[in-house]
Every structure is written in C-alpha cells, then in structure tokens.
Amino acid sequence: MDGVHDLGGKQGFGAVGHGPQAKVFHSDWEKRINALYAIAVRQGIFNMDEYRHAIERMEPRHYMCASYYERTLTSLATLCVEKGVVTHAELETLAGGLFPLARALGTGRTNVPNRSSYNPGDWVRVRDLYVSGHVRLPSYIRGKVGRVIAVSPPYPFPDAQAHGVQAQDEPTYDVQFHSHELWSDAADDALVHVGVFESYLEPLT
Amino acid sequence: MDGVHDLGGKQGFGAVGHGPQAKVFHSDWEKRINALYAIAVRQGIFNMDEYRHAIERMEPRHYMCASYYERTLTSLATLCVEKGVVTHAELETLAGGLFPLARALGTGRTNVPNRSSYNPGDWVRVRDLYVSGHVRLPSYIRGKVGRVIAVSPPYPFPDAQAHGVQAQDEPTYDVQFHSHELWSDAADDALVHVGVFESYLEPLT
Amino acid sequence: MESNSDLKAVAAPVERAAAIEMALTSRGVATVEDLAERVHLADEVWLPERGARVVAKAWTDPVFRTRLLANGKSAVAELGIELPAHHRHLVVLENSHEVHNVICCTLCSCTALTVIGLPPDWYKDLEYRARVVRDSRTVLREMGLDLPAETQVRVWDTTADTRYMVLPLRPAGTDHWSESQLATLVTQDSMIGVARALEAK
Amino acid sequence: MESNSDLKAVAAPVERAAAIEMALTSRGVATVEDLAERVHLADEVWLPERGARVVAKAWTDPVFRTRLLANGKSAVAELGIELPAHHRHLVVLENSHEVHNVICCTLCSCTALTVIGLPPDWYKDLEYRARVVRDSRTVLREMGLDLPAETQVRVWDTTADTRYMVLPLRPAGTDHWSESQLATLVTQDSMIGVARALEAK
C-alpha cells in the first residue's frame, strides 16, 4: 500500500527530537497499550503483520498526527472490532466519545509464482511492484538495483499474512544499495541495507 | 522535493467529499486571502512557483491537516517574511498568537544541460530524478515510459523560478502514460496525461 | 524569522488571515480597492456560467468548436474570457462515447479558474488529488458517474502551466435548444469531468 | 463497525486506551497478571543495560565476539537474553574506523527491543524514519555525531523480521577496564548508531 506510513526518503521534515528529554513512554496508558497489543498477539487474536497493516490503514491525517502509541491503540482496537472481540459502539460507549478506527481491509496476495532465489554477491533488481494491500517494500527501493549481502531463513510472507491469505514462507535478502542509486545526488553518500522478501526481487538481466 | 504534497497515487484516503454541500469558499477570510496572494503576485513580491513551493515547504503535518486556504495563507505569510515585507514577530503580534510559517527554502537548480527536444509521437522516459528543491515532477511518473502527444510553448522552468535561479524557458510536453505502466495492475485502466518539462525527460533508448 | 516567544497558542486561521491582511494593507502592498476588485472577480466573474457559455457555443457552432479545440485560449477570448498571464495554454478536452476526460492537479490544485470557475473544495482536497489519477473509474463511480466499460478514461494532471477544461457530451433531446438554454445544462462538474452535462427536462 | 451516532467529540487517547483495556480485561483476553507482567518487562527487563552487557562482553571476549557476529540470536541467549518469536534473526553490525552503522525502521518502528531496550520516542518519530535513510550523515551530525569524511556510513532499514544492533567502537583508554565497567559506557544511542559509546573518564 502506497500510504503515508512509507516515510523513507520523504523530505520536508524537521530535526529529529533527540536529546536528554527522550523517553520510551510519556504516560501510563502508553505502557498498558503496548502490553495489551502484545498480549492480543500472544493470544492469537491477530498476528504482527495484521497489526502493522492496521496501523498503515489509519486515515492518513490521523496517522500523521497521532503519537506512536495512539497508532498502536488504533490498530489494536480496529483488529479487535474486525475480529469480533468487541464492537465499535461498545468501545465508544466505554471511551465516552468517538473512537476513530483504521479504514477497511482490502485484499491480500500470495507469493509471486515465478520467483528466483539468490546468493550473496548476486545483483538484483527490486520489482516495479504496486500492491494495494500490505507489503513490506519501502517505495524508495522500487525498481532499484542492489547486491545481495546475506540471506535469512524463511519468514511468513507479509503480503499474505496481513490478510489471512495462504502463502509459503520466503527468505528475505539483505540487499545493499548505494544511496546515489536510490536518490541520485540528492542524498548523503551511504550504503543502505534493506531486508527484502524474495517475491519483491527479480534477477538483474 | 519528495514531500507529502506529492499526492498522486497515494493510497489510504477515503471518499471524495463531493456533493451538494460543495463550496469554493467557506468563510470571508478565505476570499480575502485568495485575493491577497494574487495581489502579491501581481505586485511582484513573489511568483507562482515561489508561491507553490512555499506551500510544499510547510511542515508535513501542518500541510496534511490545513485547509486549502490555510495553506494559501501560510505560503503568503512565509514569502512576505522571507522577502522582508513584514517580520514574523509583527505577524504574531497582529494575530495575537503563534503564526506557523513554512520551513526554510533550499537550493534550486537550472535546466538540465544535455536535454533533447521531442515531437508528438515520440516515446520518452521520465528521468529517475530526485530534486530537493521545487520540481513539478509528480513522483508517480518517475522512471516511467510514455508518449508525447503535444508540445506547449516555452514556460519558465519551475525548479529555477521558485528559487530565484537563472534558467531558460522550456517547453512542456503533454505525455500520455498508461495507468498500468504507472501502477502495474493496482490501478484502474486509464490513460494519464501529464504536463512534463523538457528537463525531466530523456529519449527512450 | 524570529517568533514572538511570549505567545503560546497558534492563532486561528481567521486571525492569521487578518494579521497578514493588516500588514499588507498598512504597507500599501494591497489597497482596499485591490482587495474589493479581486473578491468581486472571485464572487461575480470567475463563475462556471462562463465556461457553460463556451460549451454551449461549441455545441451549436461547429466552426467555433474547431477553433476552441485548436486553441482554447484564443477561442474563449472571443467570448471576453481572459486567462491569467501564467495560464499559458488552454486545452479543451472533448468527450465522446469512446473517451471520457477528467481533470485534476495532484501536486496542488491548478485549474482554468477564469473559465470553469474557481474549483470547489473537493477538487482541492487530498482525497481527490491522491485518488482520481490512479483509481479514476472507481472515484468517478463513487461520485455518481458510472461509465460504460467500453468508454476509455483519460485523466489530465495539471502539473505545468497548461490549463484544461472538459467539453462534455451534448445531452440527448436538445436538438432545437438555443445556446443560452443549453448553457443551463453545463455544470462545473461536467467541465471538470466528474459528471455529465445535465439531462434535458 | 457501527459507530455511536449520538457521540460528538473524539475521546482522548487516554480514554480510548482505557476503553479497549476494559473491553479486553472484561472478556478475559487479558488478565491483570498478563498486563502487570508485560508492563514489568517493558519497565524493568527490556532495558539498554542488557545490550550494554552484550557489547562489553564482545569488547573483552574475542571468541564471544566472533559468535555474536556469526549468530546474534544464539550469542545473546548465552547471556539469558531472548528475542520474541517473530524476531527471527539478530544481526550485529560492528563499527570500525572505516564503517559506521546506524539502524532505523522507515515503515514502522521495529527494533531488537529485548536486547537494546524499547526504542525512545525520536526513533519512532516521522522525522527520524523519513530522513536518516536518505540524509544519514546530515542527520547524525544534527544529532551530535560528526563522522570523519573517510568513514563510510551504512544505514540498516528494518523492513523484514531480521533485527539489528550496532556494536560500537570500544572507547580509547579502557584497556584495563572490567566488563561491568565497560558496560557503563554503552548507551542505547550507541547501539542504534546515532552516537559513539561514552568516553572513558
């Protein structure tokens, strides 16, 4: 999904709010929500891909302006409503006000059928891929060329997992890109490593 | 600038707020701000490219949540402060509160030196172009292939105009793209026409 | 850009608008007359009724229609409609049973406002700008325009200083209508391309 | 997803959080004990001090260091540090005078939180996520880390279920320090890669 969550390389943002005031939590409810979503995952109410995708499905302005734990809270509530654990109306009654949830879930997809596997040292191209459902491809690597540095063991395929679609597990590749391949001369000189699922790659021909 | 203003093809947004309640203006100040920015342009305080870019330079959350005329207002005020017409402090005193302006202007650029010209019927590729200053290239056509349908007379080059950089005027090309070239199968079937400056294009080899 | 450090809350847009207006009028950058003139143009002149006259004339005068499609800017000037200097080009997009055109501006909200009228709120909203270019047929359907599968959709993104207007299909049953009668069927939505012209009643 | 139509204002996040907590505890999905356990983990267990022990051991025990770089997950398990099931892989990135590593998550805010501690607010903010991957050296400089021009920057974006931690350079003048003394020099920032380990005083 080409959503506002896909922030890598986006410009116009100010300084990072780094400093002695940095904190993990700013209030007690943040700790409790962080605990609750993890409990819901452990109870099997939803998986981590569903959790991440429900955050991405938040109305874009809501996503942009919410704090991190408000995003957690919205994903947790959305999935609990979608899975039938609680109703939206009940949540609003309990909260004593409107309770904005994420927008509706679309369709997922399974693995790409004709995918190749790669070895460290292989040059690869990221597919020019557009997926309306969940996808863990940051748009800044779309269509770009990089080199495989390492291979991980197979993981569940997020494009399927977030939508309850059957799929095979896939290795992810540690792919190294040069920042100038990604953003021409409008970036600092660096190597950027991204964990890329096999279905997102094609051999460099 | 790869900013949040570059909305074409972004997903996650809801229904268009179309209907009998549609209006141009919602209050009197909107009309007056719309008049004032046009007067400032006519007075030569800034040009339209500076005006558009100052909107793009708004802090991303502010951009996303502001109404259209709040964006106009912020651009007008930012440019009047940057051009020395008024100080930020005076605006805040007059407003009786904080007056958020757009973020600082970066560097512009002039035309691409080795650009080609094109004729209707020519196939072209949009350069894989990353510009940190003002640019009128929507990111959804970056790197994509289309066909030139028509040619316009030369216009001032926005990447330069928004930054006070000297540049030659350039024709813009009406380039036709198939929606499936732009977004694979994750788009409705359509032809998309974009007005593309010469410096953004390269011949299809 | 020093800010007033003793202020705490962000002023409301209406207050900020008043502040910049006061700053510009007190310096003589804008006069009361300038402001009144521009507000008058927006309220009374740049209305969709102007574009409706253009469309109705194109429907009834084939020679004008040819001129309009060849050079929109000079053709609308015949009807006394001028474009701002930076609107360099007006391209008129003729709908047919085969092709339906729709206009947008994904990067900001450009339009041929002196011809088709200042754009309504939804045209400038993030939703329309993000979605119509990618999900054109779906968005048009949501907005009440269900196009036949065989009609091709063409979306025009106003990214340069060319401006667009749609020449909608002439409604059936209007063969003997006058130009001014026809103009009443031409809405701003139909010149943006999110609706057909009104049906003849 | 029917909404309560008689409500008007959006409830504050703290009220919404209380509502979902009440809904889940009243149904037995989460017990008071579950909640207390998870809050305890976040407050008392998943702290940067854990990662600091790993780093200090790697600085003093070359054989452990080799195991850590070969397989982070099994090496930290030797110190009693477990990763959640969905953190499949822990890759430890060793800084040198030639290469400086920094980690981020542009799509959300993933981290090896059981090792380096739960990430601070700025790591999860839009600013860090948007900028560090493209303007790495600039962002690091703004954050107080001015790297020599000859040091190569490597940015690691946590887009899959591999987790990363940075093994910072051992500070000068610590040759005879004990493992536990060394651990006091290892900050969370240095394991993210936005700072060096603290200097020896």
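Per chain, numbering begins at 1; letters A, B, ... match sequence-line order. Atoms considered below: every heavy atom in the structure, side chains included; atoms not considered: hydrogens, waters and symmetry mates.
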> Would you call Glu90(B) and Arg27(C) a salt bridge, taking side-chain N to carboxylate O under 4.0 Å as the test?
yes
> Considering only heavy atoms, which portion of Ile55(B) lies under 4.5 Å from any heavy atom of chain C: side chain, backbone, both, or neither?
neither
> NZ of Lys31(B) to CG of Leu118(C): how many Å apart, nearest 0.5 Å?
10.5 Å
> Which bit of Ala150(B) comes within less than 4.5 Å of chain C, counting heavy atoms only: side chain, backbone, both or neither?
neither
> Regarding Lys8(C) and Glu92(B), does a basic nitrogen lie under 4.0 Å from an acidic carboxylate oxygen?
no
> Determine, step by step, whether Asp125(C) and Tyr68(B) satisfy the side chain to side chain donor-acceptor pair (under 3.5 Å) criterion, reporting the C-alpha distance in whole Å, the side-chain angles of both residues, the deciding distance to 0.1 Å, and the verdict.
CA-CA 7 Å; Asp125(C) 282 349; Tyr68(B) 180 76; over 6 Å; no
> Consider only side-chain N and O atoms of Thr106(C) and Tyr140(B), and report whether a donor and an acceptor are under 3.5 Å apart.
no
> Scan side-chain atoms only and decide if Ser136(C) and Asp188(B) contain a donor-acceptor pair under the 3.5 Å cut-off.
no
> Measuring from atom CG of Leu35(C) to atom CG of Asn34(B), what distance do you get when rounded to the nearest 0.5 angstrom?
11.0 Å
> Just so I understand: if I count every heavy-atom pair under 4.5 Å between each of Gln188(C), Glu21(C), Glu15(C) and chain B, which residue has the most?
Glu21(C)
> Against chain C, label Tyr63(B) side chain, backbone, both or neither, depending on which of its atoms sit under 4.5 Å from a heavy atom there.
side chain
> Counting only non-hydrogen atoms closer than 4.5 Å, does Val194(C) touch chain B with its backbone (N, CA, C, O), its side chain (CB onward), both, or neither?
side chain
> Could you give the distance from CG (Asp6(B)) to SG (Cys108(C)), rounded to the nearest 0.5 Å?
11.0 Å
> Could you check which of Arg129(C), Arg137(C), Glu37(C) has the highest count of heavy-atom pairs closer than 4.5 Å to chain B?
Arg129(C)
> In terms of heavy-atom proximity below 4.5 Å to chain B, should Pro119(C) be classed as side chain, backbone, both, or neither?
backbone
> Please rank Met22(C), His100(C), Arg131(C) by heavy-atom pairs under 4.5 Å with chain B and give me the top one.
Arg131(C)
> How far does NZ of Lys124(C) sit from CZ of Arg71(B), to the nearest 0.5 angstrom?
9.0 Å
> Hey, what do you get for CZ (Arg88(C)) to OG1 (Thr172(B)), rounding to the nearest 0.5 Å?
10.0 Å
> Parallel, tilted or perpendicular: which fits the ring planes of Trp156(C) and His193(B), with parallel below 30° and perpendicular above 60°?
parallel
> How far does CZ of Arg52(B) sit from OG of Ser109(C), to the nearest 0.5 angstrom?
10.5 Å
